[in-house]
Amino acid sequence: MSKYILEMREIRKEFPGIVACDNITIGLKKGEIHALLGENGAGKSTLMSILFGLYKPDKGEILINGKNVKITGPVEANINKIGMVHQHFKLIHNFTVLENIILGVEQTKNGILDMNEARNRIKDLSDKYGLNIELNVKIKDISVSMQQKVEIIKMLYRENEILIFDEPTAVLTPQEIESLMKTMQYLAKEGKSILFITHKLDEIKQIADNCTVIRKGKFIDTVNVSTTSKEELSELMVGRKVSLDISKNEAKIGDTILDVKNLSFKNKLKNISFKVKSGEILCIAGIDGNGQTELIEAITGLIKDYNCEHIKLKNTDISKLSIRNRIEQQIGHIPEDRQKHGLVLEYDLAYNTILQTYYTKRFNKKGFLKKSDIYKFADTLIKRFDIRTSKGATTSTRSMSGGNQQKIILAREIDREPELLIAVQPTRGLDVGAIEYIHKQIIEQRDSGRAVLLVSLELEEVLNLSDRILVMYEGEIVANLNSKDTNFKELGLYMAGSKKQSVEVL
């Protein structure tokens, strides 16, 4: 009998212009948490999509309990007890939680859906694993972390034994991540076998037993996590030594670039006032949902019906300006939701690099786009920011990995050299090599005299990258801190509302 519950042997998958998986072999034991580590575009998600039946391999075999199986789609994957939580959840937003969970495996009695039995089973699973989900609400009305719990319950409801988690922490707060880690560990103790795709080395060290590293579509090594350091893992992943520390010189603070005075929005923002100066990185920290999103949307013009005394960029009040006019005042914006506010997924890579500048003389002549110049420009950004593509500048943006989609936005915004760079979760979904590069770029913006307004849920990033930290809780600024004078514990107290300063932000 095989020692593995699952084996993928010599898996190969080609797409036009790129080999996504080049003869990769991986084995998963029963009750094991096995991490799959690699850079953006390394082939991790493609490999797991093959396992779940979303892609057909060009070569190779899949064995479950030593027996060769053919998985031609998600239905066959579920028959073979394989479930998957995708990076971008596969839920129907207008359906309730209950309807989403039972979709495709509905039970009927005399031709009528038997919702009561399903409801009871789901409640038992929810209680057993501490997932605490509400079944009658629609998906569109629940948080991202709750949607993820729905995806986990979907797998458990189908009695899956092999569970695939594709970048499961990319959209979660630190508290939600900790809860998910505990759930995964509990699932493993119950005998479930978990494949865990992540870029985050701390998470691998926290819960994984073994880790398979993939680089540019090729198998590099499978290592025991307990005997392998984070530095060794990052070097295996990237192929070079990576600095996990953020090094920066003392900030040279200059004039005020952004001045927000008495900004309020419904019950989400309550008289917010602060300033960001040239040469500093000011970070807005807080648990997700405490007004950070609305604050940035007000500054960038994505929402209109707010009240304020003013929002000034240098000496210009931009509070009544359109989004384009604010961009022309030299605001760069890396948005929270890259697919909703950062990209047009139906456009190719090149056209996404000029979304704010397509009408300028550089890319437009008498109303016609200068196609050659656009593609040359995109090629320079691809090279500079190491954007992984299958067809270069003509690559469909929708087909790219989440991390590489993020790199397009970063490249576009930083290249414009804005006076104020607003970066919301700029490293979400990126691997350590890309994170290292992006952090250097943000520090470079600060050192060149620009103002950086950072919003991050990653406390390590908050403490190490920022010069000054504002903590938001329930729509208010409850702390104004020097990053050198605080720590994880103190930040956590402010973020949870357990501690509050009398804040006068200067």
(message) Going by salt bridge (charged side-chain N to carboxylate O under 4.0 Å, His left out), name the pairs with one or both residues in residues 217-228, residues two or more places apart or in two chains.
(response) Asp22-Lys218
(request) Can you sort out the partners of Lys261 under side-chain hydrogen bond (donor to acceptor under 3.5 Å, both in side chains), two or more places apart, ordered by chain and number? (result) none
(message) Distance alone, cut at 3.5 Å: any donor-acceptor contact between the side chains of Arg450 and Ser448?
(response) yes
(request) Using a strict cut-off of less than 4.0 Å between a Lys/Arg side-chain nitrogen and an Asp/Glu carboxylate oxygen, indicate whether Asp337 and Lys340 qualify as a salt bridge. (result) no
(message) So that I can tick it off, tell me whether Arg398 and Glu346 are bridged by a salt bridge, with the cut-off set at under 4.0 angstrom between side-chain N and carboxylate O.
(response) yes
(request) Report yes or no: is the cationic atom of Arg324 (NZ for Lys, CZ for Arg) closer than 6.0 Å to the six-membered ring centre of Tyr359, at no more than 45° off its axis? (result) yes
(request) For the residue pair Phe377 and Phe363, categorise the inter-ring angle as parallel (less than 30°), tilted (30 to 60°) or perpendicular (more than 60°). (result) tilted
(request) Inspect the contact between Lys391 and Asp348 and indicate whether a charged nitrogen and a carboxylate oxygen are less than 4.0 angstrom apart. (result) no
(request) To the nearest 0.5 angstrom, please state how far the OG1 atom of Thr222 sits from the CG atom of Asn210. (result) 7.5 Å
(message) If I take atom CD from residue Gln406 and atom OG1 from residue Thr427, how far apart are they, to the nearest 0.5 angstrom?
(response) 8.0 Å
(message) For the CD1 atom of Ile438 and the CG atom of Leu410, what is their distance to the nearest 0.5 Å?
(response) 4.0 Å
(request) Flag the pair Asp373 and Arg362 as a salt bridge only when some basic side-chain nitrogen lies within less than 4.0 angstrom of an acidic carboxylate oxygen. (result) no
(request) Establish, from distance only, whether the side-chain atoms of Glu490 and Thr486 form a donor-acceptor pair under 3.5 Å. (result) yes
(message) Pair Val225, Asp209 - check side-chain contact (heavy atoms from CB on, under 4.5 Å), show working.
(response) CA-CA 6 Å; Val225 170; Asp209 302 299; over 6 Å; no
(message) Do the side chains of Lys200 and Glu460 get close enough for a salt bridge, i.e. N-O under 4.0 angstrom?
(response) no
(message) Using a 6.0 Å cut-off, check whether atom NZ of Lys304 has over 12 heavy atoms from anything other than its own residue.
(response) yes
(request) Would you please test Glu461 and His439 for side chain to side chain donor-acceptor pair (under 3.5 Å) and show each step? (result) CA-CA 9 Å; Glu461 183 171 72; His439 283 166; 2.7 Å; yes
(request) Would you give the length of the straight line joining atom CD1 of Ile26 to atom CD1 of Ile11, rounded to the nearest 0.5 angstrom? (result) 10.5 Å
(message) Nearest 0.5 Å, please: how far is CG in Leu51 from CD1 in Ile164?
(response) 4.0 Å
(message) Hydrogens and angles aside, do Glu413 and Gln356 bring a side-chain donor and acceptor to less than 3.5 Å of each other?
(response) yes
(request) Decide yes or no on ring pair (Phe, Tyr, Trp, His ring centres under 6.0 Å) for Tyr473 and Tyr494, but give the supporting numbers first. (result) CA-CA 8 Å; Tyr473 178 72; Tyr494 284 118; over 10 Å; no
(message) Tell me if the NZ atom of Lys216 is crowded by more than 12 foreign heavy atoms within 6.0 Å.
(response) no
(message) Looking at Arg388 and Asp386, is any side-chain nitrogen of the basic one under 4.0 Å from a carboxylate oxygen of the acidic one?
(response) yes
(request) To the nearest 0.5 angstrom, please state how far the CD atom of Glu151 sits from the CE atom of Met84. (result) 10.0 Å
(message) Checking Leu295 against Phe265 for the side-chain contact (heavy atoms from CB on, under 4.5 Å) test, could you report, in this order, the C-alpha distance in whole Å, the side-chain angles of both residues, the deciding distance, and whether it holds?
(response) CA-CA 8 Å; Leu295 174 61; Phe265 174 69; over 6 Å; no
